[in-house]
Structures are given as C-alpha cells and as structure tokens.
Amino acid sequence: MQDFIHINRLEPQAREASERVKDFKEIYSLLPKKDVPQQAGRCIQCGDPFCHDKCPLHNYIPFWLRSMKHSDGMLAFNLSNETNPFPEITGRICPQDRLCEGACTLNDGHGAISIGAIETYISENGFKKGYKPRFPGITSDKKVALIGSGPASISTATYLLRAGIKVDMYEKSARGGGLLTYGIPNFKIEKSVVFRRLEWLKEAGMELKTNVQIGKDIAFEELINSYDAVFLGIGAEGVRKLNIPNENAKGVFSAISFLKAMQNKVFEEQFDGKYDVKGKNVLVIGGGDTAMDCLRTSLREGAKSVKCLYRRDKASMPGSKKEFKNAYEEGAEFVYNVSPKSVIVNANDETIGLMMEKTLLSIDENGKQSLQTIKQSEFKIDADVIIYSLGFSPIKHSFLLENGVELDKSGRILVDENYETTKSGVFAGGDCQRGSHLVVTAAADGKKAAEHIRKYLENG
Ligand code: SF4
C-alpha cells in the first residue's frame, strides 16, 4: 500500500524523436515485464477509486492492478477484458491525463499510476500467452445489423456476441475499424492491433461486410426489414470548415481527408498526390489530438516546416499533454493566440500563405473565457499546405430522415435513455449520437446500447 513512496511512476519508453519520425511504426514499447508488478503495486487501492469513476467504461482498475502486483496475469486479463471491448486499444490512445490517470489519488505530486501502459501490457502479454476474449458462440435466433465498423460498433458487436447474438457489420470502406483504422495514425496504433480484434469478432460469429454504403449499395429500409434490430455507429464525419476567403484553394485540406490519404499510403494503396507534403511548408490549424496527428504525419512525410496555429494559449489546448509533447519533440512548431483570416493564393489558385490575426484571451470575474481578435494585428505566414482540424460534426444522412430516424439541429441522432432512436428497433451510439468525442466514450456507448438491444430482443 505504501509502494508509491519509494517507487516512482514509470512511463513506457518512447523511441528517440529523431528516429521515430523516419517511419510510421508505433513509438512506445510495452512496459518492461520486471517493472509491471512494482508499478501496479504503487496503487493504494482506494476504497472509492476515482480512476474507476472517471473511466467512461468504469474499468475495474484497482482490481486488475492488484492482480498484476501478484503477477496473476490471467485474472487481470479477464477483469480488464470484461468491462472493456478493446483494452489494448484504449491503453494506447485514451487521453489518460484527462481521464483515469488525471483522477488517480497519486496524481498530486507522487505521480499517477501508469494505468494506460499497464492496461496495454495486460492484454498484449495475455495475447502472447495465448489468452483470447471469450465468446459463447451464437445461441440466439435473433440477428442485428451494425452500420459502421468504428469503436462504437466494435463495442456493440463485442457485447452482443458475448450474449450469443449474431451480428453483421456493414462498412463503406475497404477495411474495418472506422476511425481507428483511417483517422488515427499508425504511430499511435498499428492497424494489426485493430484488425486482430475484428478477426476475433469474426471468429465469434460476426460477418464484416466491407465496401457497402448504406443508402447506395443497400437500402437502410432493407436492413430494418431483414434484421431484428439495427445499430447506427456511423461516427461524425462532417468537418467544420474555416469559413475564410480562399478556403477551397489547392493545398487546403481537412484533417480527416489528409489522415485518410496518408493511411492509404501506409497501406500501399492508391495515393492522391495532391496530399503530398514532402519539402513543403505545412500549417495545421487547431490544437486538439487530431491536429497533433496531422503535424506528426507531415513530419514523417518529410515536410520542410510544420507549424501548429492555435487561437488560444498553450494552457487552453484541448488535446492530451502526451500528444502535444510528442509533436513538439518531433519538431513541430507552435504559434499561439492567432486566428486565420484568409488563405493567400497565387494566380493558379495554389496556396502560398495564410493571413493571420492575433487574438486576445480574456477571463471575466466568473471565470468565463472570451476571445477577441486584435485590430490591425494581421501578419502573413508562408505556406504550401494548410490543414484545418477544427472538429467534426455528424453528417445528416438522408436515409435516416427518410426512415423516421430523427436528428437534433446539430445533426446528432436523437435517442432515448435506452439508446433507441425515434424509429423502433433502431439504436445509435458514439459520435453520430453524442457528437464528436473520444474512442473510449464511443466504446462505452456501444456497450450500453448492446445491453438495451439485448433486452429489446428478449422482449420482442
Ligand atoms: Fe483509462 Fe481509458 Fe483504460 Fe479507462 S479505458 S482505464 S480511461 S486508459
């Protein structure tokens, strides 16, 4: 219980920045085996663990830490995989400083428990030993269609298959995984990690149908009629635009289109040369984790210079501290308190720079922040490529409205407390329902939706 006094927090080793920018391989290694029991033993086993409360999946964190302290890897594996549909993924990509580790009682100077790193270790070490997530086989005559193959749908599929219910997953792209595959770069999560989970779901009875676009290749109505329930896990793929002059110029891209194109390059699939940043001056607008992904991808692609432009100050950046640190170490520059005013183009409508304005952040007596641009503060930054990462919003698919699935004014799918939409038997969760958020919150939605779908099927 007092181990934390003489054992310091240990983080997984990252490859040297100068080496890791040469490839797209993951940058972290697993915690060394010899250190895991000690690191897990730093946990003080709080009676009311804040880490558990703050984790959107409410993982049994102190329990699996205690198991690892006593080197019971199998118990830790089973506990971890019970509440989490993919612990080796969340361990890698959750912003732990804002979630479990941020809430850890020791995060007050002693150093939080390395929860994410231990979570990844428990699963990866278990897989090496031959442990696998367990499924009972299909025992129900009901079947569910899942639209989208990202984190919300993978989670729903996992918990329905555990209940013995057959699922078919429909994905519009060539590969499954959604955002995990096409929106998060390899250096944060190698795609074999995502595909391994999908393979296990397939072994458990799921059929993954790729290159199928709902409303084009198959009617939504047909799915409603041929399945006992439908789950919508279609994410939020709409992009917030800059809304400044010349934003459609050549060389201006949304973050997701850029990351998708680069992931296809990693897959050695057809690469659209317009996204090539080699030797170019790249500006990334935005301060979240996706912006960091674009900066780090541009550096790996050999950009001449890579700058992040953020309208507030460093302390207000919304992303994870770990991702900021990684981007900074790898060579990204940061410019704070600036706002884009217009894209500067040449006669061929090619991007040659960005006109910026300085901003002033003020805080009133109630702590409310407001941001103003400073008059006559314009300045120009040279740029060949501008990538904007201002957040995502759900797309208002016509097939939803045509079939009685109502949306709110922001385009989010309306659900009741059971994750059921306004169309009976159609459920939704993740970004398409709550708006753009974290992988782990999509996983939590999928888990809860699966439970309600199971009850719906039992009563149907
Ligand atoms: Fe922490 Fe995320 Fe794992 Fe929950 S799922 S314990 S928030 S790393």
Side-chain angles (χ1 to χ4, degrees), residues 9 11 14 16-18 20-21 27-28 54 93-104 107-109 111-112 116 184-185 187-188 240 242 244 254-255 258-259 281-300 303-341 353-375 377-383 385-392 436-438:
R9 169 186 162 96
E11 296 188 3
E16 280 301 319
S18 56
R20 67 192 194 225
V21 288
I27 72 162
Y28 291 110
K54 193 75 181 178
I93 61 173
C94 266
Q96 284 98 10
D97 57 326
R98 293 199 273 134
L99 300 171
C100 52
E101 293 181 14
C104 173
N107 190 35
D108 64 349
I184 301 179
F187 49 82
K188 281 166 72 176
R240 296 205 183 111
L242 287 163
I244 58 173
S254 71
F258 175 71
L259 292 174
N281 295 307
V282 177
L283 300 180
V284 176
I285 302 172
D289 285 352
T290 305
M292 302 304 118
D293 293 346
C294 294
L295 294 166
R296 300 174 67 196
T297 298
S298 301
L299 288 160
R300 281 162 177 76
K304 185 171 158 195
S305 71
V306 178
K307 287 191 182 73
C308 177
L309 309 176
Y310 182 55
R311 63 197 179 125
R312 294 171 191 264
D313 57 8
K314 183 178 169 186
S316 307
M317 288 181 78
S320 140
K321 287 194 183 78
K322 180 171 78 174
E323 298 310 323
F324 167 80
K325 179 172 169 273
N326 286 334
Y328 181 75
E329 283 176 1
E330 290 170 10
E333 296 169 57
F334 290 81
V335 185
Y336 302 106
N337 299 108
V338 289
S339 175
K341 194 166 184 216
L354 186 65
M355 191 59 79
M356 307 289 300
E357 286 176 302
K358 293 189 178 158
T359 62
L360 184 67
L361 187 65
S362 40
I363 303 172
D364 67 17
E365 64 274 13
N366 300 318
K368 196 168 171 240
Q369 286 192 351
S370 65
L371 195 69
Q372 290 151 353
T373 51
I374 302 172
K375 280 189 188 136
S377 65
E378 290 91 349
F379 66 103
K380 182 191 152 196
I381 304 187
D382 290 337
V385 169
I386 296 170
I387 302 167
Y388 55 96
S389 176
L390 307 175
F392 303 98
S436 176
H437 214 268
L438 302 170

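Predicted model only: the values in this text are computed from it and were never measured. Just so it is clear, the values below take in all heavy atoms, side chains as well, and ignore hydrogens, waters and symmetry mates.
Counting heavy atoms from C-beta on, the side chains of L309 and I381 come closer than 4.5 Å. Looking at S389 and D293, their side chains never come closer than 4.5 Å, going by heavy atoms from C-beta outward. Inter-residue side-chain proximity for C308 and M292 is flagged as met; some heavy-atom pair is nearer than 4.5 Å. Side-chain contact between V21 and F187: absent, with no pair of heavy atoms (C-beta onward) separated by less than 4.5 Å. Between K54 and C100 there is no side-chain heavy-atom pair separated by less than 4.5 Å. Counting only heavy atoms from C-beta outward, the side chains of I27 and R296 approach each other to under 4.5 Å. For the pair F334 and Y328, the minimum side-chain heavy-atom distance is below 4.5 Å.
Heavy atoms from other residues, nucleotides or ligands lying under 6.0 Å from NZ of K358 number 12 at most. No more than 12 heavy atoms of other residues, nucleotides or ligands lie within 6.0 Å of CD in E16, so this atom counts as exposed by the packing criterion. When the shell of 6.0 Å around OH of Y336 is examined, it contains more than 12 heavy atoms from other residues, nucleotides or ligands.
Atom CG in L283 sits 12.5 Å away from atom SG in C294 (nearest 0.5 Å). Separating the NZ atom in K322 from the SG atom in C94 is a distance of 8.5 Å, to the nearest 0.5 Å. If you take CD on E378 and CD on E357, they are separated by 5.0 Å, rounding to the nearest 0.5 Å. Note: S362 OG to K368 NZ = 10.5 Å, rounded to the nearest 0.5 Å. One finds the SG atom of C104 at 12.0 Å from the CD atom of Q96 (value rounded to the nearest 0.5 Å). For the atom pair CG (D382) and NZ (K307), the distance works out to 8.0 Å, reported to the nearest 0.5 Å.
Shown here for D97 and K321, the closest heavy-atom pair between the two residues is OD2-N, 3.1 Å. Between L299 and E330 the shortest heavy-atom distance is CD1-O, 3.6 Å. Between T290 and A255, the shortest heavy-atom distance links the atoms CG2-CB, 3.8 Å. Minimum heavy-atom separation, G287 to P318: O-CD, 3.3 Å. Of all heavy-atom pairs between V282 and A303, the closest is CG2-CB, 3.8 Å. Closest approach of L295 to A327, counting heavy atoms only: CD1-CB, 4.4 Å.
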Query - I285 and L354: CA distance, side-chain angles, deciding distance, side-chain contact (heavy atoms from CB on, under 4.5 Å) verdict - result: CA-CA 11 Å; I285 302 172; L354 186 65; 3.8 Å; yes
**Report entry** Chi angles and distances behind the side-chain contact (heavy atoms from CB on, under 4.5 Å) call for R312, L371
**Finding:** CA-CA 8 Å; R312 294 171 191 264; L371 195 69; 4.2 Å; yes
Report task. Please lay out, stage by stage, how E101 and R9 fare under the test salt bridge (charged side-chain N to carboxylate O under 4.0 Å, His left out). Result -> CA-CA 11 Å; E101 293 181 14; R9 169 186 162 96; 3.1 Å; yes
**Report entry** Evaluation steps, salt bridge (charged side-chain N to carboxylate O under 4.0 Å, His left out), between E329 and R20
**Finding:** CA-CA 10 Å; E329 283 176 1; R20 67 192 194 225; 2.9 Å; yes
Query raised in the report: After noting the C-alpha distance and the side-chain angles of M317 and F324, does the key distance pass the side-chain contact (heavy atoms from CB on, under 4.5 Å) rule?
Result: CA-CA 9 Å; M317 288 181 78; F324 167 80; 4.0 Å; yes
Requested in this report: Could you walk me through whether L438 and R98 pass the side-chain contact (heavy atoms from CB on, under 4.5 Å) test, one step at a time?
Outcome: CA-CA 11 Å; L438 302 170; R98 293 199 273 134; 4.1 Å; yes
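At a cut-off of 3.5 Å, with distance as the only test, a side-chain donor of N281 or S305 sits close to an acceptor on the other residue. Between the side chains of S316 and D313, at least one donor N or O lies within less than 3.5 Å of an accepting N or O.
Between the side chain of N107 and the backbone N or O of G102 there is at least one donor-acceptor pair closer than 3.5 Å. Within the 3.5 Å criterion, the main-chain N or O of R311 finds a donor-acceptor partner in the side chain of T359. Between the D364 side chain and the N366 main chain, a donor and an acceptor come within less than 3.5 Å of each other.
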